[in-house]
Every structure is written in C-alpha cells, then in structure tokens.
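Any value given below was found using the heavy atoms of this structure, including those in side chains, with hydrogens, waters and symmetry copies removed.
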Amino acid sequence: MASLFVEAVLVSVYANVEALLICCAGVYAMHRQIVAPEGLRVLSRLVVEVLFPCIAFSNFRAYSWELLGEWYMAGVGSFLTMVLGALLGKCGALLLRLEPPYSKIFILSTTFGNVGALPFVLVPPIVANWKPAMSDPESLYKAYGVISLYALVWNMALFGLGRPYALSMRTEKVETESEASQNRPCVVRFLQKLRKVESVVWGSILAIVVGCIAPLRDLLSERAGGTLRFVGSFTYKLGSAGIQVSTLVLGGSLYLGGVAQLEKRRARAKALQDAQEREGASPQASVEEEVSQSEIGGEVCCGLSPMVRLAVGATFTKLVLIPAISIPLIVLAVKAGAIGQDQPMLFMVLMIQTGVPSAQTTLALLVSAGLQKVAGEMSIVYLPMYFASVATIAAVIVLAVTLFDTFDAPGLGVELNATL
C-alpha cells in the first residue's frame, strides 16, 4: 500500500507541476509586462469565446447513443457534485461570515472543479499502470469519453448558471440591461436570450447531435478516417490550447492578486500609522481593527481576515468535505449496479473528479468580464488549494484502486504495477 501511494503521489505531482510551470510562465509574462492587464482580459475572452467552444465540440468523437447509455452516470455525477459543492459553499460562506465578493468567490470555488486540465493529465499514467485499464486497449479512449461527458454537464452549468452568478458582481450594468430589454417584443427578448447562451454550451449541444449521428460523426472524425476529418482534428488541436492559455491566465491573475495584496498591506500599514498619529490616546488594538475592516474590505473574524478564511475554507471544503461525502455515494452506486463493475475507467474518473481543485475556467470568465481584481483574489485562494491537491488526488487514486478490488470484478487486478 505504501508503494501504491508513492506512485499515486508521483502521478499527482506530475499533473500539478506541469500546471505550476505554466502558471510561472504567466507570472513572468505579467512581471515583465509582456502581457498587460488588458491583454490578460483579451486572452481570457479568447479562451472563453473561441478555444473552449472548439474543445467542447471536438468531444463529438466520444459520443454515441450506446456510450451515452453506458456512461450516463458521468453526467449524473457531474451534476450532483456541483449541487453538493454549491450547498457546501453556501453553508461555508455563512459559517465563515463572508460577505460579497468573498462569499461568491467561495461558492464558485467549491461548485466548479477542474475538469479540463488535471483529469486529462492524470488519466494516461493511470491507464498505463493500472491492471484493469491495461487489460482493455480502449481504456484511454473510454476515459476521455467519460471526462468529456462529465465536462458536458459541467460546461452547461458553468456557462449557463455560473457565469451569470459571477457577473452578478456587476449589478449596475446587469440591471440597466434588463430594464432596457423589458420594453422589447417577446420574440426579440427570446432571441436575445438565445444569443446570450454561451458558445461553449452550443458547442457541447452540437457535439452530442453530431456524435449521435454515426455517419456524420465518422465523416468529421480523424479516428474513423472521414473525408472531413480535418474538422475534428482542427477543433481538437485548437481547443486543447485553451487549457494551457487558461493556466497562463491563472498565473497572470495570481501575479495581479499578489501585487494587489501587497499594495493593500502597504496602504493598511500607512493608514494604521496615520490613525495612530491622529488618535494617540486610542488603544492600538481598536485602531488596528478599524483600519483592518476598512482596508481589507470585510469583517475580521476570530483574528482572521476574509482572504484567510476564504482560502482555508474553500480548500477544506473542496478537497476534504466533498470527497468525504461523494466517495461513499459512488461506492453505493457501484453496489446498486448504476456503475458497472466492467467500467473501471468510469469509476476512476468519477473518483478523481471528487478530489480535484477548483476550475481555472472560472478565473478566465471573471477576467474576460473585466473583473481582474476579483480574479486576482480568487487566484490567491487557488494557490494553497492546488498545492494541497497533490496529496488529496494521490489519496483518492489509491482509494479508488483499493476500493475497486472489493467489487469482485472478475479477472481484474488492482495494482499500479509500473514506475511512472
């Protein structure tokens, strides 16, 4: 078991270090002013409006009526995990006494996990070293299909509900637009609502339609050698770049958030000094509390600032509470027959998704909407979460491999038997 855990840690470290290096490139680009803050917003819009719709559509290669029937639990699991994350996020924000925008950042962080980067990086070494996966030459293809179906529901939720919730921080603009639209005809308002549906959602819906029409899917797929296979190849290669670019945006946002926090601390120190000079008779503690609340932007609770409570609370909720609740439910689903014992990759992907950190796409959404300050604060929350996820993802992988052995799947071993 000890060697299994070490190997799982190596898989997790590999995935996270790759993301960390791309983040460092984003930090470097911002520090050297190769990319300006406005340029970061342009990159985010490119990711959200061009690259992610491409990767969403390219998943048509993994869809068919038969596979949708076999892997429907991936979509169900995606939906339930987000609902659980939202409920825990709401309760956590209340318990930690977080006010907007910190409460909304908390809920977004716990609701939407990483589905576009880490799972795709984690799966190949697992497939190469886990005996149940090694026995099936189609394991990697099936794993990508399960992740794609999981991401389909996730995309619709994030861009259909998550983005409006995130953009509700711009209340004045939203209210103005809604008041103006009320005076327009019903048909015009309906068309306007359709136009507001994110292109990622349309790409996901189109992918299902194309995937479920076998002749059309084969025509566009390079896997089937179709006449128009360049369409599938183009959308996949272009869309895949969105994962790396969104990670660059995460690094750039982290840099901006760090700079903002340093400036805030300097301003707080100066304000504290000025307050002490103005009110020399006042106790220092009361002056510090007054300045802390005015400069940090929230109420200090138990001696902790909102940012500290946000970072610790979101990390604990996403990496500890959600797996602790979700994993027993996944095991029950297997024992009830909802997840077949002959579907090891479906089981593994669902397990991994319970332990991943928050999604980088949420940051890209905020930056593309001009909310760089909020994105910067959110990126600071992500930093400890991604470091901590090295251990939690490894633990989830070990637990998944160990649990699968208890399901008595015939002829399937349960060891990661090769060095990564």
Side-chain angles (χ1 to χ4, degrees), residues 45-79 82 112 114-117 119-120 123-124 127 136-163 190-191 193-246 343 345-346 349-350 353 359 361 364-365:
R45 291 190 61 187
L46 175 69
V47 168
V48 171
E49 299 180 17
V50 178
L51 302 182
F52 280 165
C54 285
I55 194 66
F57 174 73
S58 71
N59 290 331
F60 75 85
R61 301 169 301 170
Y63 298 146
S64 68
W65 287 116
E66 295 78 12
L67 293 181
L68 287 176
E70 290 181 13
W71 299 339
Y72 74 95
M73 280 302 298
V76 174
S78 177
F79 174 76
M82 287 185 289
F112 299 104
N114 189 309
V115 301
F120 283 104
V123 161
V127 169
D136 183 1
E138 295 291 321
S139 287
L140 186 60
Y141 171 72
K142 290 179 179 179
Y144 285 162
V146 173
I147 295 172
S148 299
L149 186 55
Y150 192 100
L152 170 67
V153 178
W154 183 91
N155 277 329
M156 290 184 174
L158 176 64
F159 289 92
L161 300 174
R163 180 170 185 173
F190 176 74
L191 292 176
K193 288 182 179 180
L194 286 181
R195 289 180 60 188
K196 288 181 179 179
V197 175
E198 295 297 328
S199 52
V200 176
V201 176
W202 289 121
S204 300
I205 294 173
L206 187 59
I208 291 182
V209 174
V210 172
C212 291
I213 303 175
L216 182 57
R217 180 185 68 237
D218 294 341
L219 179 69
L220 301 179
S221 175
E222 72 278 10
R223 183 181 178 87
T227 306
L228 301 180
R229 58 185 178 274
F230 56 84
V231 174
S233 177
F234 156 75
T235 54
Y236 175 74
K237 290 178 180 177
L238 183 62
S240 297
I243 298 172
Q244 283 72 37
V245 177
S246 68
Q343 294 284 342
M345 295 317 301
L346 173 60
V349 169
L350 288 175
Q353 291 290 355
T361 311
L365 284 176

### Query
Which heavy atom in Leu51 sits nearest to a heavy atom in Leu238, and how many Å separate them?
CD2-O, 3.5 Å
### Query
Taking Val210 as the fixed residue, which of Ile205, Val231, Leu220 is the one that meets the side-chain contact (heavy atoms from CB on, under 4.5 Å) rule?
Leu220
### Task
Please name the pair of heavy atoms, one in Pro119 and one in Gln353, separated by the smallest distance, quoted to 0.1 Å.
CG-NE2, 3.3 Å
### Task
Taking all heavy atoms of Val153 and all of Ser78, pick out the closest pair and write down the distance.
CB-OG, 3.8 Å
### Query
When rounded to the nearest 0.5 angstrom, what distance separates CG in Leu228 from OG in Ser233?
12.5 Å
### Query
How about Tyr236 and Ile55: do any of their side-chain heavy atoms sit closer than 4.5 Å?
yes
### Query
Nearest 0.5 Å, what's the CD-SG distance between Glu66 and Cys212?
8.5 Å
### Query
When rounded to the nearest 0.5 angstrom, what is the spacing between CG in Leu346 and OH in Tyr72?
9.5 Å
### Message
Can you confirm whether Gln343 sits close enough to Val146 that some side-chain heavy atom of one is under 4.5 Å from a side-chain heavy atom of the other?
### Response
no
### Minimum heavy-atom distance Ser64-Arg217, with the two atoms named
CB-NH1, 3.6 Å
## Note on the structure
Value for CZ (Phe57) from CD1 (Ile208), rounded to nearest 0.5 Å, stands at 12.0 Å
### Side chain proximity check, Leu350 to Tyr150, heavy atoms < 4.5 angstrom
yes
### Message
Working to the nearest 0.5 angstrom, can you tell me the gap between Phe52 CZ and Asn155 CG?
### Response
8.0 Å
### Query
When rounded to the nearest 0.5 angstrom, what is the spacing between CE in Met156 and CG in Leu158?
12.5 Å
### Least distance between heavy atoms, Gly232 atom then Ser58 atom
O-CB, 4.5 Å
